[in-house]
Novice: 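Before I ask anything, let me first share the structure, which is written out below as structure tokens.
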2 protein chains.
Amino acid sequence: MTDRVQKLETDFRQYVKKIEDYGQALALLAWDSRTGAPKKGVNQRSEVIGTLSSEVFSLSTSAQMGDFLNKLREEAVYAKLTDITRKTVDECYKNFERNVKIPKEEHKEYVMLQSQSESLWEEAKNKADFELFKPNLKKLVEFKKRFVRYWGYDHHPYNTLLDDYEPGVFVDTIDKVFGELRDQLIPLVKGVTESPHQPKTDFLYEKFPRANQQALSIDILKEIGYDFEAGRLDETVHPFAIGINPNDVRVTTKYNENDFRVALFGTIHEGGHALYEQNIAQDLIGTPLASGTSMGIHESQSLFWEKFVGKNYGFWERNYDLLKKHATGQFDHVSLDNFYFAVNQAKQSLIRIESDELTYCLHIILRYELEKALMEDRITVDELPEIWNEKMEEYVGIRPQHDGEGVLQDVHWSFGAFGYFPSYALGYIYSAQIKEAMLKDLPNFDQLVREGEYGSIRQWLTKKVHQHGKMKKPAEIIKDITGGGIDSKPLVRYLDEKYRRLYKF
Amino acid sequence: MTDRVQKLETDFRQYVKKIEDYGQALALLAWDSRTGAPKKGVNQRSEVIGTLSSEVFSLSTSAQMGDFLNKLREEAVYAKLTDITRKTVDECYKNFERNVKIPKEEHKEYVMLQSQSESLWEEAKNKADFELFKPNLKKLVEFKKRFVRYWGYDHHPYNTLLDDYEPGVFVDTIDKVFGELRDQLIPLVKGVTESPHQPKTDFLYEKFPRANQQALSIDILKEIGYDFEAGRLDETVHPFAIGINPNDVRVTTKYNENDFRVALFGTIHEGGHALYEQNIAQDLIGTPLASGTSMGIHESQSLFWEKFVGKNYGFWERNYDLLKKHATGQFDHVSLDNFYFAVNQAKQSLIRIESDELTYCLHIILRYELEKALMEDRITVDELPEIWNEKMEEYVGIRPQHDGEGVLQDVHWSFGAFGYFPSYALGYIYSAQIKEAMLKDLPNFDQLVREGEYGSIRQWLTKKVHQHGKMKKPAEIIKDITGGGIDSKPLVRYLDEKYRRLYKF
């Protein structure tokens, strides 16, 4: 490497590190705001976040950044960079292009619309009044269409939106896998619903004191190998995991004393996200590559631990006594088999975040179809509530009584996050693909779980997924693991076997 | 106000607000680092703090700041500014002058020496080996002397050091009040030590479970009027209170299960600091004026609540039952009078942070005398241990067996904080002056405490001290409250009356 290139690389990495350091401060501010920050400090907190965010935006779109990118992307220079710097250049360039293509004034207008829309959405949802939210939703859709025109797109405008959350995954692939999945899931849901064999579940709702649930959550996180020296567990309203950096990855949960599953499986889920972030390679720190590669791959990790470990029969052979130890007697006369059936109950729900693993993807497919149709101008915002309700009845078998439990239920559109939803279902699909591939290397998977030997499972995931951070794109990760592309069949096989077995149909 | 001045003022305030926003992010990072931040994240955390701190330093010493200050300090302009902007200019100017007068290279060398010295000091203290720390301490003293030459001084070089912690308070005043105080305290300590009338204290050391102490701490903070909607309570190793801004002021404490006094009186102490910060005027937010005016005045507020409220007989008439409710029976057969005597026990200690209110100031006076003598070149670093031990024996009546419990006990010098110690004793002196002055307006003070009517006490303190933040200098606050200057007589009167009464001599 020539001295000139080396100097350029060092300066660029220094510049990027500053942005990343600000990003870590912002991550802590976000964590704090959502865990225990005092109420009266909210306004001041927003000011601080605003100041730091603008600084990050300025640094990411500055003339200096443009100059760095021009020089580093010259073919002869680019070829001489280290892998990490090259991927960093790619990430910064993508971000730079996105941001400089939107006229400043329009971006400002959009940001104002976003912040105004979130509270308006909340009001509309509570009142089940779509008309209240509609004008803003229309504007948000128009903005996103316009932005896509500024950014440009390949084949389909929705591809550009997907690129924010699931880079390298396109509409044609999603159409195919979601279509197959939908057609397989609908009869399965019907089978479960109509089965006379249903679990007894009353003991799920008996009181489980908050402090006991907290102790259980800590034990379970330790059980799956979450490193408390590189993280902590706190309480919040809407649980999340956040990687400030791979050495500081925090989990949050919430405790419902009348339904311990919320905290228990929620903690395992967030713990799965956290294991991903904790195991990212240390040499990516200080670059934008030191976090999960996409929403979908992230979700595959949380779901892997929640579904394939936390809802595994062997997991409860091993941990049912631990649960009983923390509980106050409600499981003493419940057999392991009954307990296992109950926590794997499938039950239709109108609400996505309350739905089971069997119908979850149908909720997502519905949203994907609507978003895509909006972007193609095949439907209008006015038609959304009616189409939503029809699809819900067709896919899940139940119909919302009002828009609060229908089209208004999710926050995402209120901040313009079109293209986000597919990641959730992709996460389900990926997780089952990953599980099938893992079985080839670890055929004794069930035994490992039963014996609490998660070490080799974590190592496998670290090697194939975690360590890479954003060095690999989602499709690349799936390709290297499975030898092929995104495929819904492993998920269908898993759900089909499990629910026919449990519900005997 | 002319348009030009108005524009200048707005731009300057905007610029300062950015520095303050960064400062608030830094405050949160500091709080987090000292409460629950994961161990493995320490290095990354230092990087983030380093990046933000350098940015604050750059902004505070930039050519742009210099330009702002030049223009704003022009007589005609300065006269037209609002009070808040004028004081902000003064603060920024002081800081600017301090920082630009030190050659960059020397400053860097000094910062490196500081960070190296703190761990070296820790090792030396643990090994009770002064020789190990001596070379660094010599360098630190030399740096400080040189810095004082760069900064310049009035009358005495130590005045410039005092200016960092207690602006507007000078060596001649301190010599006078400390001298008087020392001469009054020594015989009092002797009287207490020789008195045959000593408290029974065994019940102080019975087990008081951590969770119960936590609940007690929360109740006591609420009792004195700490606003939990603008703060929170956490656990830490070295307790502190931190004002991120007046709407977010956090308290920390530590729980010793074998000595509940640590958490109880520690929490009241930190709560006193927090009440100060919570009651600073909201319109100072976004300027460097939105915090306590000096270390000494801050300490006067924590000591006021700890000593004049928390160790008041009436406070325990009111709260002894609350304490018993949280405890596990150890006080059931202890009369209120015995309890009160025990928590007000005076007992000589070699260690400043473990010493009682009677000897505390003597520990400080000793340090002040040594620091001043060092700055005057009247003594050398080599002589410190011996002089320390002699003075300790003379003032407190006991002699350290090794330097770990003598000259090496405090961290302050290891980061060059010469001139800091006097603030602690000034805090004691101020608090007693404030208490005497308050009695003129609230002659029923003891009754108010006994009845838990702290509202008028807090209002009085807010009006006279808290609301002003840094708008008033310490001496100005004391002048406006007492009509005079710093005076040790109220403290002596308080201690004399109390300890002669308790120890019957």
Side-chain angles (χ1 to χ4, degrees), chain A residues 14-33 35-56 58-59 211 226-234 243-251 274 277-278 282 285-286 290, chain B residues 14-33 35-56 58-59 211 226-234 243-251 274 277-278 282 285-286 290:
Chain A
Q14 198 71 31
Y15 187 85
V16 167
K17 183 181 171 295
K18 186 172 172 179
I19 299 177
E20 290 304 310
D21 282 345
Y22 285 5
Q24 292 189 31
L26 279 164
L28 180 71
L29 287 157
W31 169 82
D32 185 69
S33 297
T35 49
K39 245 167 61 176
K40 289 186 181 166
V42 168
N43 287 340
Q44 253 326 99
R45 174 54 53 88
S46 310
E47 296 275 324
V48 174
I49 290 175
T51 298
L52 272 168
S53 304
S54 320
E55 194 63 23
V56 166
S58 296
L59 290 167
Y226 171 78
D227 182 356
F228 270 97
E229 291 199 349
R232 51 180 287 169
L233 173 68
D234 293 87
I244 297 174
N245 64 65
N247 300 308
D248 187 351
V249 183
R250 305 181 181 197
V251 173
E277 296 277 328
Q278 283 189 334
Q282 296 279 328
I285 296 176
Chain B
Q14 198 72 31
Y15 186 86
V16 167
K17 182 182 171 296
K18 186 171 173 181
I19 299 177
E20 290 305 309
D21 282 345
Y22 285 4
Q24 291 189 30
L26 279 164
L28 181 70
L29 287 157
W31 169 82
D32 185 69
S33 298
T35 49
K39 242 165 70 172
K40 290 186 180 165
V42 168
N43 287 341
Q44 254 323 102
R45 174 54 55 87
S46 310
E47 296 276 324
V48 174
I49 290 175
T51 299
L52 272 168
S53 303
S54 319
E55 194 63 24
V56 166
S58 296
L59 290 168
Y226 171 77
D227 181 356
F228 271 96
E229 292 200 347
R232 51 181 286 169
L233 173 68
D234 293 86
I244 297 175
N245 63 64
N247 300 308
D248 186 352
V249 183
R250 305 180 181 200
V251 173
E277 297 277 328
Q278 283 188 334
Q282 296 279 328
I285 296 177

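So that the names make sense, note that chain A is the first sequence line, chain B the second, and so on, each numbered from 1. Quick note: numbers below take in every heavy atom, side chains included, and nothing from hydrogens, waters or symmetry partners.
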Novice: With side chain to side chain contact (heavy atoms under 4.5 Å, CB included) as the criterion, how do B/Asp32 and A/Trp31 come out once you've worked through the C-alpha distance, each side chain's angles and the decisive distance to 0.1 Å?
Specialist: CA-CA 11 Å; B/Asp32 185 69; A/Trp31 169 82; 3.7 Å; yes
Novice: Taking salt bridge (charged side-chain N to carboxylate O under 4.0 Å, His left out) as the test, write out the residues that go with B/Asp227, two or more places apart.
Specialist: A/Lys40
Novice: For chain B, which candidate among A/Val249, A/Asn43, A/Ile49, A/Asn245 shows the most heavy-atom pairs at distances under 4.5 Å?
Specialist: A/Asn245
Novice: Take A/Ile285 and B/Glu47 through the test side chain to side chain contact (heavy atoms under 4.5 Å, CB included) and record every step on the way to the result.
Specialist: CA-CA 11 Å; A/Ile285 296 176; B/Glu47 296 276 324; over 6 Å; no
Novice: Please determine, among A/Lys17, A/Glu20, A/Gln44, the option with the most heavy-atom pairs under 4.5 Å with chain B.
Specialist: A/Gln44
Novice: Based on non-hydrogen pairs under 4.5 Å, which of A/Gly50, A/Gly36, A/Gly23, A/Gly286 is most in contact with chain B?
Specialist: A/Gly36
Novice: Where do A/Pro38 and B/Gly231 come nearest, in terms of heavy atoms and distance?
Specialist: CB-N, 3.2 Å
Novice: Below 4.5 Å from any heavy atom of chain A, which atoms of B/Leu28 appear? Answer side chain, backbone, both or neither.
Specialist: both
Novice: Which heavy atom of B/Asp248 sits nearest to which heavy atom of A/Arg45, and what is that distance?
Specialist: OD2-NH2, 3.7 Å
Novice: What's the shortest heavy-atom distance between B/Thr51 and A/Lys18, and which atoms?
Specialist: CG2-CG, 3.9 Å
Novice: When rounded to the nearest 0.5 angstrom, what distance separates CD in B/Glu55 from CG in A/Asp21?
Specialist: 11.0 Å
Novice: Report the C-alpha separation of B/Leu52 and A/Tyr22 in whole Å, then their side-chain angles, then the decisive distance to 0.1 Å, and conclude whether the side chain to side chain contact (heavy atoms under 4.5 Å, CB included) test is met.
Specialist: CA-CA 8 Å; B/Leu52 272 168; A/Tyr22 285 5; 3.9 Å; yes
Novice: Can you sort out the partners of B/Ser58 under side chain to side chain contact (heavy atoms under 4.5 Å, CB included), two or more places apart, ordered by chain and number?
Specialist: none
